[in-house]
Amino acid sequence: MGEAGTGREAVEQARAARPDVILMDVRMPVMDGIEATRRITGSAATAGVRVLILTTFDLDEYVYSALRAGASGFLLKSTLPGDLLTAIRVIAAGDALLAPSVTRRLVEEFARKPRAAAPARPGPPDLSAVTAREREVLALIASGLSNTEIATQLGISPATTKTHVGHLLTKLDARDRVHLVILAYQAGIATAG
């Protein structure tokens, strides 16, 4: 455990301690939390360190910047303590998590933009290595289902679902479920509505 007063200190402590999860404020002196997140998630020295952004500001600009910087989650500081602990566990387990209000706006914004204007990789992702069952799982992830819900819908075990999710993360070089959702939309596997 550690505490940093500036974004630069957060980057230094992440390199020294290599924590599983960092709770990062957006507004920090010297270097803001978005830039600190970008440096932490983009460095080989801190590979595997996951960042959960906490802020009092529910602004789309912060959400999009945080996700582009590699954050695995985005919550408001008004989040209840029990929910914050759950979020930390979710992020530590390799999943992504967004505040409900943020998720709704993110999906609406992503669906509203023309395909050519969507950020990330140029062109649709290469799905040639993805099996038909993995495509089904990817579509269900994009619709917002949990592993348990996917397992129930497909008639497979939760462990098998988790295996498919792991394969998708590896094959598509995705860092988390949020990234898989973005790739599903880019590939046309998921559509708004």
Peer 1: Hey, are the side chains of Arg8 and Val11 touching, using non-hydrogen atoms and a 4.5 Å cut-off?
Peer 2: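 Not in contact.
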
Peer 1: Between Gly73 and Leu52, which heavy-atom pair has the shortest distance, and what is it?
Peer 2: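 For Gly73 versus Leu52, the nearest heavy atoms are C-CD1, 3.5 Å.
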
Peer 1: Below 4.5 Å, heavy atoms only, C-beta onward: do Lys171 and Thr131 meet side chain to side chain?
Peer 2: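 Side-chain contact under 4.5 Å: yes.
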
Peer 1: Do Ile189 and Leu127 have side chains that approach each other closer than 4.5 Å (heavy atoms only, starting at C-beta)?
Peer 2: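 Ile189 reaches Leu127 side chain to side chain.
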
Peer 1: Can you check side chain to side chain contact (heavy atoms under 4.5 Å, CB included) on Leu54 and Leu84, steps first, answer last?
Peer 2: CA-CA 10 Å; Leu54 289 172; Leu84 179 58; 3.9 Å; yes

Peer 1: Are the side chain of Thr41 and the backbone N or O of Ala69 linked by a donor-acceptor pair below 3.5 Å?
Peer 2: yes

Peer 1: Test side chain to side chain contact (heavy atoms under 4.5 Å, CB included) on Leu183 and Gln186; report intermediate values, then the result.
Peer 2: CA-CA 5 Å; Leu183 295 172; Gln186 288 176 335; 3.4 Å; yes

Peer 1: Who passes salt bridge (Lys or Arg N to Asp or Glu O under 4.0 Å) against Arg18, sequence neighbours left out?
Peer 2: none

Peer 1: So which atom in Val181 and which in Ala142 form the shortest heavy-atom distance, rounded to 0.1 Å?
Peer 2: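 The pair with the smallest heavy-atom distance is CG2-CA, 3.8 Å.
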
Peer 1: Nearest 0.5 Å, what's the CD1-CD1 distance between Ile40 and Ile22?
Peer 2: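 The distance works out to 3.5 Å.
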
Peer 1: Tell me if a side-chain donor or acceptor on Glu134 pairs with a main-chain N or O of Val130 at a distance below 3.5 Å.
Peer 2: no

Peer 1: Would a 4.5 Å heavy-atom cut-off, applied to side chains only, mark Leu138 and Leu172 as touching?
Peer 2: yes

Peer 1: Any ion pair linking Glu35 and Arg39 (charged N to carboxylate O, less than 4.0 Å)?
Peer 2: yes

Peer 1: Just how far is it from atom NZ of Lys77 to atom OG1 of Thr55, taken to the nearest 0.5 Å?
Peer 2: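 So the NZ of Lys77 and the OG1 of Thr55 are separated by 6.0 Å.
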
Peer 1: For the residue pair Asn147 and Ile141, establish whether any side-chain heavy-atom pair is separated by less than 4.5 Å.
Peer 2: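 No - every pair of side-chain heavy atoms lies 4.5 Å or more apart.
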
Peer 1: Over all heavy atoms of both residues, which pair between Ala10 and Ala4 is shortest? Give the atoms and the distance, please.
Peer 2: N-CB, 3.4 Å

Peer 1: Mind checking the CD-CE spacing from Glu9 to Met28? Nearest 0.5 Å is all I need.
Peer 2: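 Reported to 0.5 Å precision, the distance equals 7.5 Å.
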
Peer 1: What distance do Ile150 atom CD1 and Ile156 atom CD1 have between them, rounded to the nearest 0.5 Å?
Peer 2: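 Going from CD1 on Ile150 over to CD1 on Ile156, the span is 8.0 Å.
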
Peer 1: If you measure from CG on Leu80 to OG1 on Thr86, what distance do you get to the nearest 0.5 Å?
Peer 2: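 Going from the CG atom of Leu80 to the OG1 atom of Thr86 covers 10.5 Å.
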
Peer 1: Dump the intermediate steps for salt bridge (Lys or Arg N to Asp or Glu O under 4.0 Å) on Glu12 and Arg15, then the final yes or no.
Peer 2: CA-CA 5 Å; Glu12 291 167 3; Arg15 288 182 181 144; over 6 Å; no

Peer 1: Could you pull out the closest heavy-atom pair between Pro158 and Ala151, with the gap in Å?
Peer 2: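 Closest approach of Pro158 to Ala151, heavy atoms only: N-CB, 3.6 Å.
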
Peer 1: Does any non-hydrogen side-chain atom of Val26 lie less than 4.5 Å from one of Ile34?
Peer 2: yes

Peer 1: Roughly how far apart are Thr79 OG1 and Leu85 CG, rounded to 0.5 Å?
Peer 2: 11.0 Å

Peer 1: Could you report the tightest heavy-atom contact between Gly7 and Ala36, atom names first, then the distance?
Peer 2: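 Minimum heavy-atom separation between Gly7 and Ala36: O-CB, 3.6 Å.
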
